[in-house]
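By convention in this document, chain letters (A, B, ...) are assigned in the order of the sequence lines, proteins followed by strands, and residues within each chain are numbered from 1.
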Protein chains: 2
Amino acid sequence: MRRMGIKQYEDHDRLMVAVDCIIFGFDGKELKALLIKRGFEPEQGKWSLMGGFVKKQENVDAAAVRILKQLTGLASIYMEQLYCFGDTKRDPGARVVSVAYFALIRIDNYNAALFEKHHAKWFPIAKIPALIFDHKSMLLLAKERLRQKASYLPVGFELLPDKFTMQQLLALYEAIYERELDKRNFTKKILSTGILQKLNEKDKLTSKKGAFYFVFDKEKYDRISHEGVGFM
Amino acid sequence: MRRMGIKQYEDHDRLMVAVDCIIFGFDGKELKALLIKRGFEPEQGKWSLMGGFVKKQENVDAAAVRILKQLTGLASIYMEQLYCFGDTKRDPGARVVSVAYFALIRIDNYNAALFEKHHAKWFPIAKIPALIFDHKSMLLLAKERLRQKASYLPVGFELLPDKFTMQQLLALYEAIYERELDKRNFTKKILSTGILQKLNEKDKLTSKKGAFYFVFDKEKYDRISHEGVGFM
DNA sequence: GCAAAAGTGTTTTGTCTACACCCATGA
DNA sequence: TCATGGGTGTAGACAAAACACTTTTGC
């Protein structure tokens with residue numbers, strides 16, 4: 001039975017399958033995407049998303065994790081599949097089907113050596129340079145998805161440092177939505193979900209009075225990750 | 001440059017890429033999914049989603065359209081990509097990456113000969129039999145996505161006949177959400193979007209009084225398809 | 001005239017938005 | 001003492017939810 005199956009399948013075309021990663025980070029002011037300067041042809045020297053090919057004995061998800069690790073050195077990153085881009089002409093070099101993933105990382109968690117190696121650089125999402133192939137559409141779609149995701153999930157957990165001020169969280173949401181938000185309404189809504197814990201410690205870097213730090217309540221956060229809570 | 005690119009790429013593994021279609025229909029009472037009895041090994045005789053392989057010179061989207069046409073005979077069907085399933089072990093017969101698509105069709109638009117040929121059958125979504133491989137997860141994910149989609153888009157246009165009664169539209173939404181909805185509130189909301197036009201014609205099949213038929217205002221519907229309108 | 005489905009409004013509740021002032025502190 | 005960012009509450013608008021009776025007509 002197994003053998004017959006294999007025989008049956010051998011008749012079909014095989015394609016190269018790639019993974020491309022849209023990596024978002026937040027520096028406290030701007031939402032940024034991590035791009036690399038492509039080191040090989042075609043389009044050598046152009047800006048591109050970090051990508052790579054799926055191996056025969058490798059899950060597609062695993063390939064995404066591997067590729068992300070190549071660039072960041074980080075193994076456990078928030079990541080989700082975005083979309084499969086499958087046009088025959090999308091890559092002029094060869095027929096390559098690409099599965100795009102988007103990842104959220106803490107922007108200071110970077111490995112300078114790896115960044116150097118791949119000529120990686122953070123770009124504010126409002127100032128993305130020309131990208132190869134269909135990478136610009138991937139990035140735009142990822143931006144949409146992040147927005148949608150942020151509306152029912154407090155993505156701050158993935159993008160902010162362990163402890164952060166309410167202003168930082170607000171700034172993150174303003175960056176994601178590219179508009180100003182009302183400080184009081186935002187605070188109210190996010191606190192009402194109960195996923196934040198206020199610490200007895202203040203960040204005195206940006207003001208004389210100092211702003212309280214918050215941390216995410218990991219347990220509640222995980223619960224919400226499954227069910228979701230609309231708060232935007 | 002082109003040549004170098006090709007050379008570069010030749011080193012990577014090639015995989016078979018399949019497309020599987022989750023096809024939803026609505027018979028006036030129940031939401032149903034179209035399944036086929038698999039005609040070849042492995043898992044011959046088991047129920048399965050309609051699927052096929054992507055050809056080397058074919059867009060992945062085009063493959064989905066082709067495969068859907070094979071089964072239904074219909075060329076212009078509402079369809080969207082759902083997710084790419086890429087585990088190495090998902091298909092025991094071979095390494096196959098599958099891109100799942102979900103489609104909405106009018107249940108009476110069927111071609112008996114083609115259905116016969118593929119041993120196709122409609123199953124109520126509450127009574128889906130065991131399916132091969134990971135097709136059950138595909139179907140569950142599609143159900144989720146349909147629900148989400150229906151919340152900001154009047155999917156009725158794709159699933160109902162050209163003219164339909166308010167009760168039919170309500171029944172569709174009750175089937176999608178698997179719960180009862182308030183008739184008055186539903187009517188109010190859907191009418192307030194302005195995408196329905198009331199005809200001067202009644203369906204007298206289900207009651208003595210008769211229920212007015214409605215049609216979708218195609219233009220407004222298309223506008224809403226882009227922007228979306230929350231009405232659930 | 002009665003059974004069976006169609007059609008229709010109002011009240012209440014909760015949520016979202018807009019909006020401005022005092023507080024604490026370091027310099 | 002003053003300049004700077006931090007922190008907080010309320011009123012009005014709007015949307016959502018709950019809820020029941022009258023209408024039509026074929027039998």
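Atom CE in B/M166 sits about 21 Å away from atom P in D/dT23, given to the nearest Å. One can place NZ of B/K29 at 13 Å from C1' of C/dA5, the figure rounded to the nearest angstrom. Per the geometry, CZ belonging to A/F186 stands 18 Å off P belonging to C/dT15, to the nearest Å. Between B/F212 atom CZ and D/dT24 atom P the separation is 10 Å, expressed in whole Å. Here C/dC2 presents its C1' atom at 8 Å from NZ of B/K208, a figure rounded to the nearest Å. When the P atom of C/dC21 is taken as reference, atom NZ of A/K183 falls 14 Å away, rounded to whole Å. For the pair B/K188 NZ and C/dT11 C1', the computed distance is 10 Å after rounding to whole Å. Between the CD1 atom of B/I190 and the P atom of D/dA15 there is a distance of 16 Å, given to the nearest Å.
A/F157 contributes atom CZ, which lies 6.0 Å from atom CZ of A/R106 (distance to the nearest 0.5 angstrom).
Contacts of B/K208 classified as side-chain contact (heavy atoms from CB on, under 4.5 Å), with partners at least two apart in sequence or in another chain: none.
B/K198 comes within 4.0 angstrom of the backbone, heavy atoms only, and of no base.
Taking the nucleotide of DNA chain D with the nearest heavy atom to each of B/S207 and A/D182, the more 5' of the two is matched to A/D182. Each of A/K189 and A/K204 has a nearest nucleotide on DNA chain C; the 5'-most of these lies closest to A/K189. Residues A/F214 and B/K209 both approach DNA chain D. Their nearest nucleotides, taken by heavy-atom distance, put A/F214 toward the 5′ side. Summary of the strand contacts: B/N185 and B/A211 both lie near DNA chain C, and taking for each the nucleotide with the nearest heavy atom, the more 5' one is attributed to B/A211.
When atom types are taken as modelled, the side chain of A/N111 and the backbone of A/L114 share a donor-acceptor pair closer than 3.5 angstrom.
In this structure, A/K189 is not positioned above the aromatic face of A/F231 in the sense of NZ or CZ being under 6.0 Å from the six-membered ring centre and within 45° of the axis.
The number of heavy atoms from other shown groups lying within 6.0 Å of CD (B/E144) does not exceed 12.
A close approach under 4.0 Å does not occur between any side-chain nitrogen or oxygen of A/Q167 and OP1 or OP2 of D/dG5.
Taking 3.5 Å as the limit, the base of D/dA17 and the side chain of B/R184 contain no donor-acceptor pair of atoms between them.
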